[in-house]
Amino acid sequence: MIGAYIHIPFCNRICSYCDFSKVFYNKKIVDDYLNELELEIKDSYQEEELNTIYIGGGTPSALDIKQLEKLFKIINTLKISKLKEYTIECNFDSITKEKLDLFKKYKINRISFGLESTINKNLKLLERNLDKDKVKEIINYCHKIGINNINVDLIYALPNETIDDLKKDLDFIKSLDITHISTYSLMIEDHTILNNKKTKNIDENLDREMYELINKELNEYDHYEISNFAKEKKYRSIHNYSYWENKNYYGFGLSSSGYLNNIRYTRTRSLTKYFNHDYMKDNGIEFLNTKDKIYYEIILRLRTKEGINLKEFKNTYHNDLEKYYDYKDLLEKNLLELKDNHLSIPTNLWYISNSIIVELLEGERNERAI
Amino acid sequence: MNKKNIRNFCIIAHIDHGKSTIADRILEMTNAIDKRDIKTQMLDDMAIERERGITIKLNAVQLIYKKENEDYYLNLIDTPGHVDFSYEVSRSIAACEGAILVVDATQGVQAQTLANLYLALDNNLKIIPAINKIDLPSANIDKCIEELTNIGFDEDEIVKVSGKTGEGIEELLDKVITNIPAPEGNEDDPLRALIFDSEYDPYRGIITSVRIVDGKVRVGDIIEMMETHATYEVLGISIDTPKEKKVNELVAGEVGYIYASIKSLDDILVGDTITLEKNKAKEPLPGYKPMKAMVFSGLYPIDPTRFEDLREALDKLKLNDSALSYEPETSKALGFGFRTGFLGLLHMEIVEERIRREFNIDLIATSPSVIYEVVLNDGTIEEVDAPYKMPKPESIKKTREPFVKASIFSPSDYIGDIMKLCQDKRGEFINMDYLDTTRVQIDYKLPLSEMVFDFFDRLKSCTKGYASFDYEIEDYEESNLVKMDILINGEVVDALSVIVYKNFAYNRGKAVVEKLKEVIPRQLFEIPIQAAIGNKIISRSTVKALRKDVLAKCYGGDITRKKKLLEKQKEGKKRMKKIGNVDLPQEAFLSILATGENK
């Protein structure tokens, strides 16, 4: 059983920080896109039973009712009878009760809302809107119709944001009846409005302070991955977690990524190419040998609380991890910890995990030693 | 070849005054090369020379110039202009009877114009003054004429030329023929040939450039080096025209190349005299002096496995750079490397760059040092050319360092700035002369260690590039010197230690520590940085632990993006030197040059 990611690259407005593949909503283009998506899926789906579906964007909720229904019908052609988690991303601007009813009808059981911030100056910078009353109303309605698994995204570390601002955002989010919170420290990517405006990142120390505030405010949650908090363990995102577990998943739609067997692939970001049935990005295919797979195992699993299950590792790769990488020194320096045969980065060091991972990767043993 | 038709001459000038361009025009005039073959500055055959626009190695070319139905053989010897290479200049000068003194029409007489002129006059050379770049709108020819007449030339001796357009070059060549004497020397005397350059050729061994002063040398002769007593059979003789032309002999007055399958570098000393084993000259030619390196620095490969490659690179460079000296040394921080001696800072920079570029070895160079003299309590004197060789403070009675007499030429507007700079550098005022109403020569006595540090850069910046300077080494004098150590994460990094004037130590320590804090990237742990003299900490700072280094989001499952980011980070670390737990970037080893000034 594997997951499937489906990308809907349409938005009613473009947020200043967004580096995802997205275009302005246009009814005709969306209709064409859905037709093409149907073709792509027919072309590449290999009949596996799916356990999770994640519809991301862009803004999937920007589609109108008819288009959404068309999308769900396409998805219904996949083998989804054993689906455990079926998520769609929405924003509060474009979501309506009618659309939520439709989600329910098609058995969607998890919604991920982009809220990002409640502070006016932040919203202005991000070029977003938020109506707090509507947020509460929509979330209540979700519960009313029985969609209880709800995530809210928060962005922090914005230019001019204060600790106080972040505290207010967290207070509001905590007041909502939701099961999952994702928090992202702002990354200013190339090709974004923020980058064009030459926006600068906030001070590293303040960024860290904010991260620590989030940890403190959400300490009753299950902080199972660097950016993700679940109200209880059962509310962890099964789909997203499978990424961190280095598991296979399909990617359908413009700019999506997938991982099947020994191949990681990325779809094109060009709509023109996509509409010409030329789905793959140039150089978008990476073939993985055992070494590459282990590499991914490390960089992905070490983002999680459980880290690398060494027993499972050995079952998969027929060797101990330490045959491939020398991490003794990192354990001695307490940069890694070993608990119940799980190797992980201590939670308090998650915020510098890239450096630790790089240190670990440097400990790669040469082939002859294996 | 009739000896009275030979002219051996060189071109001398201050740096950038256009020698090499004039040489190109002369080559063109004498049809030595096709116009289309001319890369700018034909005589400079190393890529770095062309890029930097300065001449490092000297070259000798024979040109044939027709004048009134006579063929004249002109041996043109190109010389370097920078102060670091004055010994190379003196070698070429010794091989000539005359010199063209080039002065840039936009800049006038500069420090090395005079230094090179005096060197040429000392060698009894006939001088032809030439004002170059007369085609430029900013040329001030009258002022140049005034300056040249002030230093003793007649106005009608001066030739006005443009290396760019070729104007005046013919007149210049005529003056070379009429004014520069033909070489003297007797073909029948025992051979005396001056070695003024050497170069390595992978097929023929070491090739020596020689000027035959007396006698003759033929292919098949057994020659002997008078200083080293090495003997070899001459396998070939060539003349550079500038294409190689093989000949059977060279006779008194001529210039050419000799190769004799010489593999041992130690046998060939530039400045040495070649004679014949069977018919030895009684006296060698005057002028040979072993070259003395003035500035020392430790060179270390960043990748420790490339130590032998570095040795090979230095060996190869040494072949045509006899001023270079090196011996292996070990640093706790940097591993195996070489303590390398240079003529000066520019020489050091050029050698380092050639190692990086021609041999592809990434280097760390430690802070340059001069040779200090340390008098110990028991009266013995030790020479110290590296901070780690400094004896323990309690055993030191006194310390001495070399001083130079520096002559600075500048427009008078900058007198105040120059004097302040020299005072800052512990200078002692000697004299000031007005060259004309707007230009001055200021002489100072200065410690060499201050000169090699950042004097040149600061002089250029405080005079907007208008000042030039030259220096000659004087004597050792007592100075209160101490060794300053830098501790990173509590450990002395020997490669960062430096010998400083005690009164400057506090400020230097502070500047270096601050600079290190700037260039060392934040790491997993907090890193204390300290400057210390003996056990006394004189300055401290801290590189705080890394606060944030995480990729928050993976875009729609696009994991490869995360991989790319981590790979980039990994590559970045590879370029750093791991010392203990700390990754030090290359810049860290340059931080020791920080002064806290000119911010």
Side-chain angles (χ1 to χ4, degrees), chain A residues 3 5 7 19-21 54 56-57 153 155 157 182-187 189 201 203-209 211 226-227 239-240 242-244 246 249 251 253 255-259 264-266 284 286 292 295-296 299-300 303 333 335 349-359 361-362, chain B residues 302-306 335 362 488-491 517-528 541-586 588:
Chain A
Y5 174 85
H7 192 69
D19 185 37
F20 283 30
S21 172
Y54 192 103
D153 282 346
I155 293 185
S182 298
T183 63
Y184 303 113
S185 134
L186 178 72
M187 282 171 65
E189 306 276 358
N201 279 309
D203 174 69
E204 199 180 305
N205 290 312
L206 181 58
D207 195 328
R208 175 68 172 265
E209 215 179 304
Y211 177 70
I226 288 169
S227 306
H239 181 86
N240 285 330
S242 74
Y243 294 157
W244 315 127
N246 200 19
Y249 57 96
S255 84
S256 64
S257 295
Y259 176 27
R264 284 193 179 272
Y265 64 88
T266 306
E286 188 188 5
D292 300 327
Y295 184 102
Y296 278 113
I299 70 173
L300 295 171
R303 289 181 65 96
K333 290 184 192 158
L335 293 173
L349 297 181
W350 275 7
Y351 222 51
I352 51 169
S353 60
N354 279 1
S355 297
I356 297 175
I357 290 170
V358 167
E359 289 263 326
L361 294 174
E362 282 183 335
Chain B
I302 290 191
D303 175 356
T305 63
R306 303 209 60 194
D362 278 333
I488 292 181
N489 211 13
E491 278 181 56
K517 185 184 165 185
E518 232 170 76
V519 301
I520 298 177
R522 288 183 170 206
Q523 296 175 28
L524 292 163
F525 303 95
E526 188 173 283
I527 308 164
S541 184
T542 310
V543 177
K544 294 238 163 55
L546 191 63
R547 299 291 283 166
K548 184 204 168 194
D549 179 24
V550 65
L551 184 62
K553 194 158 184 154
C554 282
Y555 288 75
D558 185 359
I559 310 291
T560 47
R561 196 158 156 167
K562 180 174 171 65
K563 183 181 171 188
K564 273 179 207 148
L565 189 105
L566 289 169
E567 283 299 304
K568 211 171 134 194
Q569 199 167 338
K570 215 170 122 191
E571 282 308 306
K573 269 190 85 169
K574 261 194 207 152
R575 284 193 298 273
M576 293 200 257
K577 191 93 194 172
K578 211 173 187 74
I579 289 175
N581 276 334
V582 183
D583 287 309
L584 288 186
Q586 286 179 60

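The figures here come from the full heavy-atom set of this structure, side chains too, leaving out hydrogens, waters and symmetry mates.
When each of A:Thr266, A:Asp207, A:Leu361, A:Leu349 is checked for heavy-atom pairs under 4.5 Å with chain B, A:Asp207 comes out on top. In terms of heavy-atom pairs under 4.5 Å with chain B, the best-connected choice from A:Leu335, A:Ile352, A:Val358, A:Leu186 is A:Ile352. For the options B:Lys570, B:Gln569, B:Lys563, B:Lys573, heavy-atom pairs under 4.5 Å to chain A are most numerous at B:Lys563.
Of all heavy-atom pairs spanning B:Glu526 and B:Thr542, the tightest one is CG-CG2, 3.2 Å.
By the 6.0 Å contact criterion, CD on A:Glu286 is enclosed, its count of non-hydrogen atoms from other residues, nucleotides or ligands being greater than 12. In the displayed structure, B:Lys544 atom NZ is contacted under 6.0 Å by at most 12 heavy atoms of other residues, nucleotides or ligands.
Between A:Tyr211 and A:Tyr351, the angle of the ring planes stays under 30°, which puts this pair in the parallel group of the 30/60° scheme.
The contact between B:Glu567 and chain A is made by backbone and side chain atoms together, counting heavy-atom distances below 4.5 Å. Proximity to chain A (any heavy atom under 4.5 Å) is shown, for B:Lys568, by neither the backbone nor the side chain. If you measure heavy-atom distances from A:Tyr296 to chain B, the contacts under 4.5 Å come from the side chain alone.
Taking the ring centroids of A:Tyr249 and A:Tyr243, they lie under the 6.0 Å cut-off.
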